Amino acid sequence: MTGGGGVLRVGNASGFYGDRFDAVREMLTGGPLDVLTGDYLAELTMLILGRDRLKAPARGYAKTFLRQLEEGLGLAAERGVRIVTNAGGLNPVGLAGVVRELADRVGVTVRVAHVEGDDLMARYAGREGVLTANAYLGGEGIAACLRAGADVVVTGRVTDAALVSGAAAAHFGWAPTEHDRLAGAVVAGHVLECGAQATGGNYAFFGAHDVRRPGFPVAEIAADGSSVITKHAGTGGAVTVGTVTAQLLYETAGARYAGPDVTARLDTVCLTQVGTDRVRIDGVRGEAPPSTVKVGLTRLGGWRNAVTFVLTGLDIEAKAALVKEQMDAAFEAAGRRPASVEWALARTDHVDAAVQEEASALLRLVVRDADQEAVGRVVSGAAIELALGSVPGFHVTAPPGKGEPYGVFEAEYVEGAGVPHVAVLPGGGRVEVPPPAETRELVPLADPALPEPLVHDGQTRRAPLGLVAGARSGDKGGSANVGVWVRTDAAWRWLVHELTVERLRELLPEAAGLAVTRHVLPNLLSLNFVIDGLLGAGVAAQARFDPQAKAVGEWLRARHLEIPEVLL
């Protein structure tokens with residue numbers, strides 16, 4: 001698989017561990033493909049796999065992938081489709097072996113390879129509580145496996161986009177220094193990595209398309225690194241400049257999108273609708289990658305418990321104050337106040353509600369401690385004992401339990417030259433992938449010059465931002481990313497001057513005391529905000545109502561501000 005011409009058709013069949021099970025079959029039977037990728041790993045997934053490995057050392061990989069292969073392996077072999085996946089998780093060599101066993105069992109001849117070296121637990125073994133430690137590898141190991149004739153390539157923790165860029169580098173014979181071509185493939189890989197998010201899933205303007213069952217995306221990659229994002233004919237959803245823009249902004253930040261193989265310049269991306277469900281990506285420029293690579297660490301942070309009290313009708317604030325006072329008194333009496341006690345009152349109640357649930361507010365208590373007993377009976381017993389001696393109408397959404405462990409995700413950066421990266425070929429041979437020969441220090445780009453502000457007649461209306469702008473948000477450790485885009489030049493000239501960091505903090509008061517960075521991407525008519533610390537210790541810690549910041553963008557779109565009438 002080297003020196004290929006034409007286009008390389010790469011499809012995706014998984015955006016996370018637990019994505020649509022039938023997607024592998026749908027992608028293999030729905031239209032032409034050369035490579036099928038599957039992304040199963042996320043920060044939370046690594047913690048889940050780490051706990052699996054504690055129970056059974058031979059595990060640590062995404063078991064769903066194996067069940068999908070029971071039918072998919074034969075389909076892929078019949079159609080000449082190669083499979084590249086990070087489902088190996090913490091144990092790529094183990095999953096590769098099980099795939100070989102499955103191939104023998106179902107009578108399919110396939111050559112299986114894997115990539116290893118990302119597991120750095122030996123380095124962090126002395127750090128208290130660390131459960132997993134994995135470097136984010138690039139695509140060169142994948143490329144080496146494919147060049148050696150592998151039909152299935154299993155990896156552990158590689159960057160999500162590496163599944164695509166590695167396949168493209170192998171097919172077209174790109175050298176590691178062909179940064180523009182690699183950057184183009186990385187951008188295509190980033191669009192594909194979250195599956196149906198590129199085809200209308202989780203899309204701000206979802207009413208414009210039939211997204212009841214969106215298809216999974218396909219990238220037709222050319223030898224120069226440009227691509228066309230599409231989907232199989234007859235599948236649901238849509239591929240538009242808007243859906244692709246939304247995914248490009250997801251979990252990114254500034255103009256320089258760094259990876260272990262290349263730094264892609266998102267400010268150079270050009271998107272063009274070239275047909276129904278066909279969006280061309282070109283113009284992408286790349287730079288040498290930084291010398292460091294990211295290492296994701298997960299550890300058990302302690303024990304957590306939660307109780308949600310339902311407060312109904314009148315005097316909601318006073319009722320909440322009484323419940324808090326009673327629980328604090330119970331902790332004092334027990335002499336075991338949890339190390340962290342957090343309260344949040346969600347005013348979901350409506351005045352004069354015709355439905356009881358609409359007359360109710362939710363008071364949420366979350367406690368954390370290093371000791372399970374401090375969040376167990378001390379909390380659950382105190383909450384239940386209030387049943388007949390607290391606010392009128394007292395009840396909780398569910399009986400509180402004994403508490404459960406929670407995790408913490410941390411990111412560090414280490415010199416890539418010291419991280420092993422090994423391609424284990426189908427025949428068992430081992431190829432060590434060297435670090436990039438050329439690196440470049442990663443420094444933020446200065447914001448580009450802003451366009452002239454929108455000139456209008458001065459007439460405005462107080463309305464939701466979402467009438468004009470789309471948004472998509474997500475998590476990176478404890479930080480949240482919120483990408484906001486518009487669809488016309490006029491809207492852009494208003495948005496870029498209106499939605500400043502200060503205005504974002506006004507619209508999202510939870511961000512008021514946090515560091516917020518704004519990145520301007522004119523080619524995409526987009527702003528990308530990073531809100532540091534909004535998610536505490538990350539998704540595994542469940543520190544927030546929306547722990548992965550999935551809906552922060554929709555919250556922002558629902559906020560009202562003065563919008564020029566000409567845009568409405």
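The first residue of the sequence shown is numbered 1, and numbering continues consecutively from there. Small disclaimer: the values here were computed from a predicted structure and weren't measured.
A pairwise comparison of heavy atoms in M46 and L90 identifies CE-CD2, 3.5 Å as the closest pair. Smallest separation of non-hydrogen atoms from V239 and Q273: O-NE2, 3.1 Å. Taking every heavy atom of both residues into account, L36 and V81 meet most closely at N-CG1, 3.7 Å. Summarising the geometry of T240 relative to H209, their closest heavy-atom pair is CG2-CE1, 3.8 Å, with the distance given to 0.1 Å. The two residues L120 and P420 have their closest heavy-atom pair at CD2-CD, 4.3 Å. When all heavy atoms of T263 and A288 are compared, the closest pair comes out as OG1-O, 3.6 Å.
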Going by atom type alone, with no hydrogens or angles, which donor-acceptor pairs under 3.5 Å involve a side-chain atom of residues 424-445 and a protein atom two or more places apart or on another chain?
residue	atom	partner	partner atom	Å
R430	NH1	E116	OE2	3.0
R430	NH2	E116	OE2	2.6

Donor-acceptor contacts, no H, no angles, side chain residues 58-70, under 3.5 Å, sequence neighbours left out:
residue	atom	partner	partner atom	Å
Q68	OE1	Y40	OH	2.5
Q68	NE2	F21	O	3.1

Side-chain donor-acceptor contacts of residues 289-296 below 3.5 Å, not counting sequence neighbours, with atom names and distances?
residue	atom	partner	partner atom	Å
S291	OG	E415	OE1	3.3
S291	OG	E415	OE2	3.4

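In this structure, R487 forms a cation-pi arrangement with F205, its terminal cationic atom sitting closer than 6.0 Å to the ring centre and no more than 45° off the ring axis.
For D151 (side chain) and V110 (main-chain N/O), no donor-acceptor pair under 3.5 Å exists by modelled atom type. Formation of a donor-acceptor pair under 3.5 Å by the R285 side chain with backbone atoms of G184 is not found in this model. Remark: the backbone N or O of V158 is not paired with any side-chain donor or acceptor of T155 at under 3.5 angstrom. Formation of a donor-acceptor pair under 3.5 Å by the T272 side chain with backbone atoms of V274 is not found in this model. Of the possible donor and acceptor atoms, one in the side chain of T37 sits under 3.5 Å from a partner among the backbone N and O of G11. The main-chain N or O of V241 is found under 3.5 Å from a side-chain atom of T245 such that the two form a donor-acceptor pair. At least one donor-acceptor pair closer than 3.5 Å links the side chain of T243 to the backbone N or O of A198. Within the 3.5 Å criterion, the main-chain N or O of A223 finds a donor-acceptor partner in the side chain of W174.
The closest side-chain donor-acceptor pair between N528 and T252 falls under 3.5 angstrom. Side-chain contact, Q197 with N202: a donor N or O sits under 3.5 Å from an acceptor N or O. No side-chain N or O of N134 forms a donor-acceptor pair with one of D119 less than 3.5 Å apart. Looking at Y124 and E412, their side chains do bring a donor and an acceptor atom within 3.5 Å of each other. N523 and D267 are not linked by any side-chain donor-acceptor pair at a separation below 3.5 angstrom, with hydrogens and angles left out of the test.
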Margin query: Does V187 form a side-chain contact (heavy atoms from CB on, under 4.5 Å) with L266? I'd like the steps, not just the answer.
Written below: CA-CA 8 Å; V187 169; L266 298 184; 4.2 Å; yes
Next item on the list: Could you please spell out the steps behind the side-chain hydrogen bond (donor to acceptor under 3.5 Å, both in side chains) verdict for D19 and S14?
Entry: CA-CA 6 Å; D19 208 345; S14 177; 4.7 Å; no
Next item on the list: Show your reasoning for whether side-chain hydrogen bond (donor to acceptor under 3.5 Å, both in side chains) applies to D39 and N86.
Entry: CA-CA 6 Å; D39 178 11; N86 61 15; 2.8 Å; yes
Notebook entry, point to check: Going through the checks in order, is the salt bridge (Lys or Arg N to Asp or Glu O under 4.0 Å) test met by E43 and K476?
Noted result: CA-CA 8 Å; E43 294 168 0; K476 278 296 180 186; 5.2 Å; no
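A salt bridge links D489 with R493; the closest basic N to acidic carboxylate O contact falls under 4.0 Å. Ion pairing of R20 with E26 is present here, as a side-chain N (NZ or NE/NH1/NH2) and a carboxylate O approach within less than 4.0 Å. Taking the charged nitrogens against the carboxylate oxygens, R181 and D282 have no contact shorter than 4.0 Å, which rules out a salt bridge.
Atom-to-atom distance recorded for R79:CZ and D34:CG is 13.5 Å, nearest 0.5 angstrom. Distance check: E140 CD to S165 OG gives 8.5 Å after rounding to the nearest 0.5 Å.
A 6.0 Å sphere centred on CZ of R25 holds no more than 12 heavy atoms belonging to other residues, nucleotides or ligands.
In this structure, the side chains of E287 and H179 stay at 4.5 Å or more apart for every pair of heavy atoms.
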